[in-house]
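By convention here, the first residue in the shown sequence is residue 1.
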Amino acid sequence: MKLERTGCVGACPGYVVTIDGVGRVRYEGKYYVVAEGEREKTVSAQVVKKLMMRLKAENFFDWPEERNVCVDYPEVRISVTIGARLHEVLEGCNRPGRVLSLAKEIDTITGTREWVQKSNSK
């Protein structure tokens, strides 16, 4: 599973976090984050399994991909691969929705907050 947050015309954080089925987390901080570059950690495989069960219960692979483009708003892209099946969703324009809700959960599970907190020094 991969979560990518893109920046905006401002100080929105840009980063990518990937989590695999056994709980390996890989983070790449791009801009307006506390930790730029790559970081790694591990989370419980049970937590990952619970997240995957949520995706199955919410029929994630049937979610449509939004293609709205907005000026000065960050976008969130989530890609999930299970076996040979890949599905990617995108949400932007700072609209609250299920993609943003899922992104928040991925951030919580992976603990990206320690790496992402916005930096005003850039």
Margin query: Rounded to the nearest 0.5 Å, what separates atom OG1 in T18 from atom CD1 in I106?
Written below: 10.0 Å
Notebook entry, point to check: For the atom pair CG (L3) and OG1 (T112), what is the distance rounded to the nearest 0.5 Å?
Noted result: 7.0 Å
Check: Do V116 and Y32 touch side chain to side chain, with heavy atoms closer than 4.5 Å?
Finding: no
Notebook entry, point to check: Are side-chain heavy atoms of V17 and V25 found at a separation under 4.5 Å?
Noted result: yes
Notebook entry, point to check: Quick one: does R77's side chain get under 4.5 Å of E88's, heavy atoms only?
Noted result: yes
Checklist line | Y27: partners by ring-ring contact (aromatic ring centres under 6.0 Å, His included), with sequence neighbours left out | finding: Y15, W115
Item checked: Derivation of the side chain to side chain contact (heavy atoms under 4.5 Å, CB included) call for F61 and L55 -> CA-CA 8 Å; F61 282 89; L55 294 178; over 6 Å; no
Next item on the list: Find the distance between NZ (K41) and CZ (R26) and round it off to the nearest 0.5 Å.
Entry: 14.5 Å
Check: Out of curiosity, does I82 fall in the hydrophobic cluster containing V99 (side-chain heavy atoms, cut-off under 4.5 Å, transitive links)?
Finding: yes
Next item on the list: Kindly indicate, with the supporting measurements, whether the criterion side chain to side chain contact (heavy atoms under 4.5 Å, CB included) is fulfilled by Q117 and V33.
Entry: CA-CA 6 Å; Q117 293 173 349; V33 293; over 6 Å; no
Next item on the list: Output yes when K2 and E28 qualify as a salt bridge under the 4.0 Å nitrogen-oxygen rule, no when they do not.
Entry: no
Checklist line | Nearest atoms (heavy-atom pairs only) where I109 meets V43 | finding: O-CG1, 3.3 Å
Notebook entry, point to check: Rounded to the nearest 0.5 Å, how far does CD of E91 lie from OG of S101?
Noted result: 9.5 Å
Notebook entry, point to check: Is I19 close to R24 at the side-chain level, that is, under 4.5 Å between some pair of heavy atoms?
Noted result: no
Next item on the list: Starting at CD1 of I78, measure out to CH2 of W63 and round the result to the nearest 0.5 Å.
Entry: 6.5 Å
Check: Shortest non-hydrogen contact from G21 to A45?
Finding: O-CB, 4.1 Å
In a table with atom names and distances, give each donor-acceptor pair under 3.5 Å that connects a side chain of residues 46-53 to protein atoms at least two apart or in another chain.
none

Item checked: Connected via hydrophobic side-chain network under 4.5 Å: F60 and L100 -> yes
Check: Between T42 and G23, is there a donor-acceptor pair closer than 3.5 Å when you use the side chain of the first and the backbone of the second?
Finding: no
Note to self: Taking R5 first and then D107, would you say they form a salt bridge - that is, a charged N and a carboxylate O separated by under 4.0 Å?
What the structure shows: yes
Next item on the list: For R39, enumerate each residue passing the side chain to side chain donor-acceptor pair (under 3.5 Å) test, keeping only those at least two apart in sequence or located in another chain.
Entry: none
Margin query: Treating H87 as the side-chain partner and S79 as the backbone partner, does any N or O pair qualify as donor plus acceptor under 3.5 Å?
Written below: no
